Amino acid sequence: MASGPANVRDICRARRADGPAAVLAIGTANPANRVLQDDFPDMYFRATKSEHLVGLKEKFKRLCQKLGVQKRYLHHTEELIRAHPEFLDPVQTPSLDERLDIAKTAVPELAARACRKAIAEWGRPATDVTHLVVTTNSGAHIPGVDARLVPLLGLRPAVRRTMLYLNGCFAGAAALRVAKDLAENNRGARVLVVCAELTVLLFTRPVEGDFMTLMNQALFGDGAGAAVVGADPVPAAAERPLFELVSTAQAIVPGTEDAISMRVTKGCYVGHIAAREVPALIGASVERCLRDALEPLGMGAQWNDLFWNVHPGSAAILDQVDAVLRLRPDKLAASRRVLSEYGNMFGVTVIFVLDELRRRMEEGEETPEWGVMLAFGPGLTVETMVLHRCVEGTG
Ligand SMILES: CC(C)(COP(=O)(O)OP(=O)(O)OC[C@H]1O[C@@H](n2cnc3c(N)ncnc32)[C@H](O)[C@@H]1OP(=O)(O)O)[C@@H](O)C(=O)NCCC(=O)NCCSC(=O)/C=C/c1ccc(O)cc1
């Protein structure tokens, strides 16, 4: 007689991985168009035919110098803006369709470039990817970036896809959190995570009295970050864990739902950031979020004994985290470098910071064994992830 089905608990248990999910490889990519922050006010006011707004340009110059950004990469060039005069005034000439058309092709292509680097570093064929988690704020298409990546990367048609749209700046951390759960609950799973952003959706000309437009043009950059996540690395396949993803948490800071927001309009994306308040709101909540994440692991509040991957929302946000946690000056160096070299790339940024931390460790920089990733975004939402370093370095 045929035996009956196995016990459901046993099936579930057998399906789980033995060890924690780990980042096995990282890849990053940016558009070719490199923009120096010192040159940007001239370029922006020229491209938007706004040179007559002399006072506003001076204000914009001052703002550009305050954010901690020296360089960024943008998909939109002066040439592209000349070809789309409708982008200058999205109220008079709604241009969401044209912007989405650009994103439809450019976002998957940028994402694919980061993914190819991550897959090459991982060393296994793209067909070994079992799950795909994609996140972007830059687009609203079905089939989405996830579906486009299947042929672009040569993934299996049966790859299990999860698409996260419009999660704001905590999207990269959220995608890694989802990947961790997938990897730990599906023995042998190899999850490709990719986060890609283009700011062409936010591009408009400067307008007197509209501070948010100035912030949008001065702070944000375009890029894509990818990671391969899996549990129980296979030495025979030369898999090498870089960071173990030990535990994750997400919290909404009460009473802050209007602090950061973004909506899709027929003109373009319209964002709002309570810019002066956000650093203080994050500062007021960050210690509670960290304690909630670390205390269950038996870890205390010796913040300088950890390494840090903090989403570089702006220099003011990093300064606030530094001050509240009384961190040593070098602790946020990776976050500050990424902000300086690439700008705030929304959720992409934490993957760049992870790559920067890895690079520093491989170069022998003294690095604690344990670390924390902190990301912030609309909600206000704070994502916290406890990391364990596997890269050889000095402890
Ligand atoms: C750069 C800020 C805004 C001000 O810096 P500061 O050191 O306090 O400097 P100041 O007070 O001297 O301000 C610089 C200039 O900006 C002006 N300003 C200062 N806030 C104001 C003000 N709310 N009104 C109008 N003028 C002002 C201020 O008046 C001054 O102008 P001026 O005297 O003419 O040089 C700083 O507070 C800051 O970085 N805040 C946090 C920025 C922030 O929240 N980043 C995003 C985190 S979340 C994320 O990553 C993205 C989410 C997102 C969501 C939606 C999107 O569309 C896009 C993205």
Side-chain angles (χ1 to χ4, degrees), residues 37 41 53-69 72 74 90 96 99 135-138 165-174 195 197-204 206-223 225 252-253 256-265 267-286 309-323 335-336 338-340 342-353 374-383:
Q37 193 80 336
L53 302 173
V54 177
L56 194 60
K57 185 173 169 186
E58 288 308 310
K59 187 184 179 78
F60 186 66
K61 278 186 187 169
R62 289 193 294 277
L63 181 63
C64 280
Q65 296 307 320
K66 286 229 149 192
L67 297 166
V69 179
R72 292 177 284 156
L74 297 174
L96 182 65
R99 295 166 196 260
T135 178
T136 188
N137 296 284
S138 315
Y165 273 120
L166 292 173
N167 274 238
C169 291
F170 64 84
C195 189
E197 298 295 354
L198 292 191
T199 51
V200 70
L201 274 303
L202 285 168
F203 182 84
T204 67
V207 176
E208 294 280 5
D210 180 358
F211 180 68
M212 198 52 224
T213 292
L214 301 187
M215 277 287 284
N216 282 342
Q217 311 310 320
L219 178 60
F220 298 105
D222 297 350
I252 294 176
V253 181
T256 61
E257 55 269 34
D258 297 326
I260 302 177
S261 61
M262 195 162 68
R263 66 199 162 86
V264 182
T265 72
C268 62
Y269 283 12
V270 175
H272 166 74
I273 302 178
R276 279 213 185 87
E277 290 77 29
V278 165
L281 289 168
I282 289 171
S285 56
V286 75
N309 177 345
V310 180
H311 167 58
S314 73
I317 291 176
L318 294 178
D319 291 346
Q320 190 74 27
V321 172
D322 244 345
S335 294
R336 289 191 192 278
V338 169
L339 178 64
S340 170
Y342 301 96
N344 175 345
M345 297 175 287
F346 301 80
V348 176
T349 322
V350 288
I351 299 178
F352 273 62
V353 178
L374 267 180
F376 322 105
L380 278 177
T381 301
V382 181
E383 285 268 353

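The figures here come from the full heavy-atom set of this structure, side chains too, leaving out hydrogens, waters and symmetry mates. As the structure lists them, so they are numbered: ligands from 1, and atoms in each ligand from 1. From a predicted model like this one, the values you see are computed outputs, not experimental measurements.
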Under 3.5 Å, N/O to N/O: give me all the pairs between ligand 1 and the protein, one per line with atom names and distance.
residue  : atom   : partner : partner atom : Å
ligand 1 : 9 (O)  : Lys66   : NZ           : 3.1
ligand 1 : 12 (O) : Lys66   : NZ           : 3.0
ligand 1 : 29 (O) : Arg276  : NH2          : 3.2
ligand 1 : 31 (O) : Lys59   : NZ           : 3.2
ligand 1 : 34 (O) : Lys59   : NZ           : 3.2
ligand 1 : 34 (O) : Arg62   : NH2          : 2.8
ligand 1 : 35 (O) : Arg62   : NE           : 2.7
ligand 1 : 37 (O) : Ala275  : O            : 3.4
ligand 1 : 39 (O) : Ser314  : OG           : 2.6
ligand 1 : 40 (N) : Ala275  : O            : 2.8
ligand 1 : 45 (N) : Gly313  : O            : 3.4
ligand 1 : 50 (O) : His311  : NE2          : 3.1
ligand 1 : 50 (O) : Asn344  : ND2          : 2.7
ligand 1 : 57 (O) : Asn216  : OD1          : 3.4

Q) Between Tyr342 and Phe352, what is the ring plane arrangement, given parallel below 30°, perpendicular above 60°, and tilted in between? A) perpendicular
* Are Tyr269 and Leu166 close enough that some pair of their side-chain heavy atoms sits under 4.5 Å apart? -> yes
Does some side-chain heavy atom of Asn137 sit less than 4.5 Å from a side-chain heavy atom of Met262?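 They are in side-chain contact.
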Checklist entry - Can you check side-chain contact (heavy atoms from CB on, under 4.5 Å) on Thr204 and Gln217, steps first, answer last? => result CA-CA 8 Å; Thr204 67; Gln217 311 310 320; 4.2 Å; yes
- Query: Pick from Val321, Leu318, Val253, Val310: which one makes a side-chain contact (heavy atoms from CB on, under 4.5 Å) with Ile282?
  - Reply: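 The single option meeting the side-chain contact (heavy atoms from CB on, under 4.5 Å) with Ile282 is Val321.
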I would like to know whether His311 and Val353 meet side-chain contact (heavy atoms from CB on, under 4.5 Å); could you show each step before the answer?
CA-CA 8 Å; His311 167 58; Val353 178; over 6 Å; no
